[in-house]
Protein chains: 2
Amino acid sequence: MITIKEVARHAGVSMSTVSYVLSGKRSISGETRRRVEQSIAALGYHPNAGARALASSKSQVLGLVVPLRSGVNMPVIMQFVASIVSAARDYDYDVLLLTKEAGPGEAHRVTARSMADAIILMDVESDDLRIPELRTVEAPVVLLGMPDDHEGLSCVDLDFATAGRQMAGHLADRGHRSIALIGSPPAVYERGTSYAARLLEGFRSEAAKRDVRASVHPCAPGYDAVAKCLDQALAPEHGTTGLVVHNEAVLGPLLLELRRRSLDVPADLSVITLCPDDVAESLPVPLTSIAVPAQELGTIAVEMVMARLTEEHAPEVRLLQPRLTDRGSTSRR
Amino acid sequence: MITIKEVARHAGVSMSTVSYVLSGKRSISGETRRRVEQSIAALGYHPNAGARALASSKSQVLGLVVPLRSGVNMPVIMQFVASIVSAARDYDYDVLLLTKEAGPGEAHRVTARSMADAIILMDVESDDLRIPELRTVEAPVVLLGMPDDHEGLSCVDLDFATAGRQMAGHLADRGHRSIALIGSPPAVYERGTSYAARLLEGFRSEAAKRDVRASVHPCAPGYDAVAKCLDQALAPEHGTTGLVVHNEAVLGPLLLELRRRSLDVPADLSVITLCPDDVAESLPVPLTSIAVPAQELGTIAVEMVMARLTEEHAPEVRLLQPRLTDRGSTSRR
DNA sequence: TATCGAAATCGAAACGCTTCAACGAGCCCG
DNA sequence: CGGGCTCGTTGAAGCGTTTCGATTTCGATA
């Protein structure tokens, strides 16, 4: 193993000079810098991470707590992960993978051992039992998602309330007088999942404000459940002409079922949804949608971490404004 | 930060004794052990990872190279990742997340800096250009997938040739005289992806051996492509009565298209596939299938890493025997 | 020309742990 | 009873960095 000492000797300078060339924390003459850099390249020197961490008490590692249980939407999770890893690398940080199943104890373990300088926690739920434990972690913590009680924690999330309002408003704008929300599975609402509740609230309040009739239909995955859910949402007494879908998993089956019923989108029924753009685009009928800006959220999470790591930055909450893309799946009434 | 020195003082022993209690590398009297453990608990001591790595030149970290580009099947990737993380934790290792896009340079970087003791690389392709570079990594490398040239590298993979043979054989056993392989997208074959080629070869050779007519149809994703592909596979001149599907992404559309054509599975057409069990189960028609044993492969990969890390274990190749689950989607002719 | 300050470099003390050589104590064997 | 074990424990030497003064150099200012 090539050490900084050997580089120093090769370049004819002291260890500290090499270190300062690497870190840029003190000024170094151009001439010296060049010699050192040449020696580094010539010898193939790589600074030892352990030694560095020990001396500087910084690991240059982020702990990322990911839900690996199936059930959550893996492709989206991966988009988050990818953007976080890539943003972290831009700041010269690496990412240690922690599983949510293993609990927040993991976050504590890696920070207490100085394996990670900060923690990013994905897919946070409203009532997450583990949130309190996170407060005991002696390192910045940033949550993707916004629990009810986020006092003292940084959070980033999509503004689901506004998203709900936008989608209801979009249909109201086009003259729809009765709309339905096809929601997440019942269990999601029952456990009070924050984002679902916030979207629902926005949807309802905007509908009320615009004097539009609104019904809500939680929907389990699976072809049969979708059909049953549609039976309710499209029951004649509602006179529903527009659907807001907040349940990515049922989009495909739902559109197929509509086709089976000879209901054309958007001629007979308008549909708008909240899902990743690539999903909305690749459906049999491309849907007007609000995107889940996974990329952006991940990047922001990393930026918030860095802010808290470098400055004396207090915890903050950031809600991303939703962006609606019209793909023509809604029509004017 | 609580250090080992403080624990030692608290327990009235030397630092080295505490260290040996922790590592178990020397015998310690029960009495002393108990006192030290109490002190550790009382003070809330957590060994500093950097110091440990520096002194022992072991990081207790595995670098995991994951393909994060979309296109690959994320849920399956996640199954691998989950099983790898969990197996690694069983050995007291953590997992550093590296992206495949960033290249094998990342593997080199983290090992050269002693951030990771070994590398696991997922989703390896036959002709992977980066394989040669991996040989220069000064740490054990284990591949999930088997490139053509794997000299000097450890690999784990499903035995796709046998899988192809099994599926063809399964249909032949049931009296089918003409079968078709609905394969991966053309691009996958064109770039000579190892697993696809191996399955194809097994499929063909078994069909030949059993004197069964076999046609092969690479299939792009998307409803239209699937329909077109079925047109070919089920063209009257073939007389195809059984389908082997090796393309997870098209299973849903394919079954729907068959239904649309009023072809019952298995009455009119037998279908067998290779995909994760949960996918096979949750399709509109549950399919007889060979599982992608992600869990198992991940665990084995970790075990191989550990073997190479602890013993003087030479690189090895392990092919998992496929396991076929009959879900009644094939019928006797 | 003497003095001062900034720029460039150096030396050495941490950082917290592992591990090796060494040592005393107790034991068994001859 | 002396010599050679093993067992449990210790002290101290690293491991490869960073970083904090201290020191040197040099040009500018007085």
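Every chain is numbered from 1, with letters handed out A, B, ... down the list of sequences.
- The listed nucleotides are dG16(C), dT10(D), dT18(C); the one nearest the side chain of T17(B) is dT10(D).
- Whole-Å rounding puts the L22(A) CG to dT19(D) C1' distance at 14 Å.
- When the P atom of dG21(D) is taken as reference, atom NZ of K25(A) falls 15 Å away, rounded to whole Å.
- Mapping P47(A) and V13(B) onto DNA chain D by nearest heavy atom places V13(B) at the nucleotide closer to the 5' end.
- At most 12 heavy atoms of other shown residues, nucleotides or ligands fall within 6.0 angstrom of atom CZ in R323(B).
- Between R52(A) atom CZ and dG16(C) atom C1' the separation is 18 Å, expressed in whole Å.
- If you take CE of M115(B) and P of dT17(D), they are 14 Å apart, rounded to a whole angstrom.
- Across the protein-nucleic acid pair, M15(A) atom CE and dC15(D) atom P stand 11 Å apart, rounded to whole Å.
- A salt bridge links E31(B) to R34(B): at least one charged side-chain nitrogen sits closer than 4.0 Å to a carboxylate oxygen.
- Between R113(A) atom CZ and dG16(C) atom C1' there is a gap of 13 Å when expressed in whole angstrom units.
- Note on M1(B): only backbone sugar-phosphate atoms sit closer than 4.0 angstrom, heavy atoms only; bases stay farther off.
- Within the nucleic acid shown, T32(B) comes within 4.0 Å of sugar-phosphate atoms alone, with no base atom in reach, counting heavy atoms only.
- Residue T3(A) is classed as a sugar-phosphate contact, given heavy-atom separations below 4.0 Å to backbone atoms only.
- Minimum atom distance to the side chain of L54(A) is reached by dG16(D), of the listed dG16(D), dT17(D), dG11(D).
- Side-chain N/O atoms of S14(A) include one lying less than 4.0 angstrom from OP1 or OP2 on dC10(C).
- Judged by distance alone, with hydrogens and angles left aside, the side-chain atoms of D159(A) form no donor-acceptor pair with the main-chain N or O of Q321(A) at under 3.5 Å.
- Between R9(A) atom CZ and dT17(D) atom P the separation is 13 Å, expressed in whole Å.
- Residue S27(A) places at least one side-chain N or O under 4.0 Å from the OP1 or OP2 atom of dA8(C).
- Within the 4.0 angstrom heavy-atom criterion, base atoms lie near S19(B).
- Side-chain atoms of S16(A) and base atoms of dG11(C) include a donor and an acceptor less than 3.5 Å apart.
- No contact: S57(A) has no heavy atom under 4.0 Å from any strand.
- The side chain of I4(A) lies closest to dT17(D), out of dT18(C), dT17(D), dT9(D).
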Quiz item: Does the pair R89(A) and E106(B) meet the rule for a side chain to side chain contact (heavy atoms under 4.5 Å, CB included), with working shown?
Solution: CA-CA 11 Å; R89(A) 292 296 304 127; E106(B) 290 287 271; 3.3 Å; yes

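- Between the base of dC20(D) and the side chain of Y20(A) there is a donor-acceptor pair shorter than 3.5 Å.
- With S114(B) contributing its side chain and N48(A) its backbone, the two residues share no donor-acceptor pair below 3.5 Å.
- Heavy-atom nearest nucleotides on DNA chain C were determined for Y45(B) and for R26(B), and the one closer to the 5' end corresponds to Y45(B).
- Residue-to-nucleotide proximity on DNA chain D shows that, of G12(B) and H46(A), the 5′-proximal contact is made by G12(B).
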